[in-house]
Amino acid sequence: MKNRNLARGLGLAALLVAPVGLGGCAGALIGAGAATGVGLAQERSIGAAIDDTTIATKVSASMADHSLRLYRDVNLEVVEGRVLLTGKVERNEDRLKAEELTWQVAGVKEVANAIQVTTEGGVGSYLRDVRISNQLRAAITADEKVYAINYSVETVGGVIYLTGIAQNATELDRVIQYARNIEGVTKVESYVRLKDDPSRGS
């Protein structure tokens, strides 16, 4: 059985350094060493954590090669080869291109394209999204009934996107409830799968 206190400590560290709205895939720069450490505490195997980091790095590089704007504006999370794309772009062509580039990377099993096409945004919107993400991370990290390290949180335009692996449906419901109760949240989208159902994306 995992040492829950150790895992919670690792989870807090991971959540504190997780990039929010920095675009691109700054999370891909985490490195295999950090991925190994996180993998020890997560439900993902160490190998899966390293594979996911490799995928994220390659997708980020591909976007940067195509367009620095695309690299800057698109965020990604990878869990067991399942990629969630978020962020804001001004053209639908950019949204589609980001998905195309992601599918071209070896190891990608699924792509959920949640990129928003909009010209709205600005510093105010960015700061609100950062506040929302940080508030949710703090809430689930403090909750002893939530295995927080298994969750990734991204907020774009007031919409919270969740990825990761839930211990069970009850735990996931707790996380979603926390998210819905945060001021400024307009919608919660979950791409979290249940631990006992590897084929299911919630």
Side-chain angles (χ1 to χ4, degrees), residues 7 9-91 93-117 126 129-130 133-134 136-137 147-156 159-165 189-193 198 201:
L10 286 170
L12 178 59
L15 293 172
L16 289 176
V17 301
V20 181
L22 294 180
C25 322
L29 303 180
I30 225 175
T36 300
V38 172
L40 287 171
Q42 287 184 329
E43 296 302 333
R44 286 186 295 181
S45 67
I46 295 174
I50 293 174
D51 288 346
D52 288 343
T53 301
T54 300
I55 289 171
T57 301
K58 290 181 177 179
V59 172
S60 297
S62 182
M63 289 189 187
D65 287 343
H66 174 75
S67 165
L68 290 178
R69 182 183 61 197
L70 195 64
Y71 172 84
R72 177 197 66 200
D73 293 343
V74 176
N75 307 303
L76 66 92
E77 295 287 346
V78 187
V79 179
E80 298 177 325
R82 299 159 62 229
V83 183
L84 170 64
L85 300 175
T86 59
K88 294 180 180 180
V89 296
E90 295 185 1
R91 305 181 306 168
E93 301 94 289
D94 293 331
R95 178 180 182 275
L96 297 176
K97 189 63 179 181
E99 182 172 343
E100 177 188 340
L101 292 172
T102 301
W103 274 118
Q104 292 174 359
V105 172
V108 172
K109 301 174 183 176
E110 179 182 334
V111 179
N113 191 343
I115 299 171
Q116 300 175 20
V117 180
Y126 166 75
D129 289 343
V130 169
S133 292
N134 287 341
L136 179 55
R137 291 190 185 106
Y147 207 48
I149 195 171
N150 284 330
Y151 293 86
S152 292
V153 179
E154 185 73 35
T155 307
V156 180
V159 180
I160 292 179
Y161 300 94
L162 300 171
T163 55
I165 305 170
E189 293 193 12
S190 174
Y191 297 87
V192 177
R193 78 160 176 85

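In this text the structure is predicted, and so the values were computed from the model without any measurement.
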Just how far is it from atom [atom1] of [X] to atom [atom2] of [Y], taken to the nearest 0.5 Å?
{"X": "Glu100", "Y": "Ser62", "atom1": "CD", "atom2": "OG", "value": "9.0 Å"}
{"X": "Lys88", "Y": "Arg72", "atom1": "NZ", "atom2": "CZ", "value": "12.5 Å"}
{"X": "Asp94", "Y": "Asp73", "atom1": "CG", "atom2": "CG", "value": "8.0 Å"}
{"X": "Met63", "Y": "Lys97", "atom1": "CE", "atom2": "NZ", "value": "10.5 Å"}
{"X": "Leu101", "Y": "Leu76", "atom1": "CG", "atom2": "CG", "value": "11.5 Å"}
{"X": "Leu96", "Y": "Ile115", "atom1": "CG", "atom2": "CD1", "value": "9.0 Å"}

Main-chain N/O of [Y] paired with [X] side-chain donor or acceptor, under 3.5 Å:
{"X": "Arg95", "Y": "Val89", "result": "no"}
{"X": "Gln116", "Y": "Val156", "result": "yes"}
{"X": "Arg82", "Y": "Tyr191", "result": "yes"}
{"X": "Thr57", "Y": "Thr53", "result": "yes"}

Problem set entry | With Asp51 via salt bridge (charged side-chain N to carboxylate O under 4.0 Å, His left out) - residues at least two apart |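 Asp51 satisfies salt bridge (charged side-chain N to carboxylate O under 4.0 Å, His left out) with no residue once adjacent residues are dropped.
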Would you check if [X] and [Y] make a side-chain contact, meaning some heavy-atom pair closer than 4.5 Å?
{"X": "Val78", "Y": "Val59", "answer": "no"}
{"X": "Glu77", "Y": "Asp52", "answer": "no"}
{"X": "Ile165", "Y": "Glu80", "answer": "yes"}

What closest approach, in Å, do [X] and [Y] show between heavy atoms, and which atom pair accounts for it?
{"X": "Val111", "Y": "Glu99", "answer": "CG1-CG, 3.9 Å"}
{"X": "Gly107", "Y": "Ile55", "answer": "O-CD1, 3.5 Å"}
{"X": "Leu84", "Y": "Ala114", "answer": "CD1-CB, 4.0 Å"}
{"X": "Glu154", "Y": "Ser133", "answer": "C-OG, 4.0 Å"}

Problem set entry | Residues which pass side-chain contact (heavy atoms from CB on, under 4.5 Å) with Glu90, listed by chain and number, not counting sequence neighbours |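 Scan of Glu90 (side-chain contact (heavy atoms from CB on, under 4.5 Å), adjacent residues dropped) gives Thr119.
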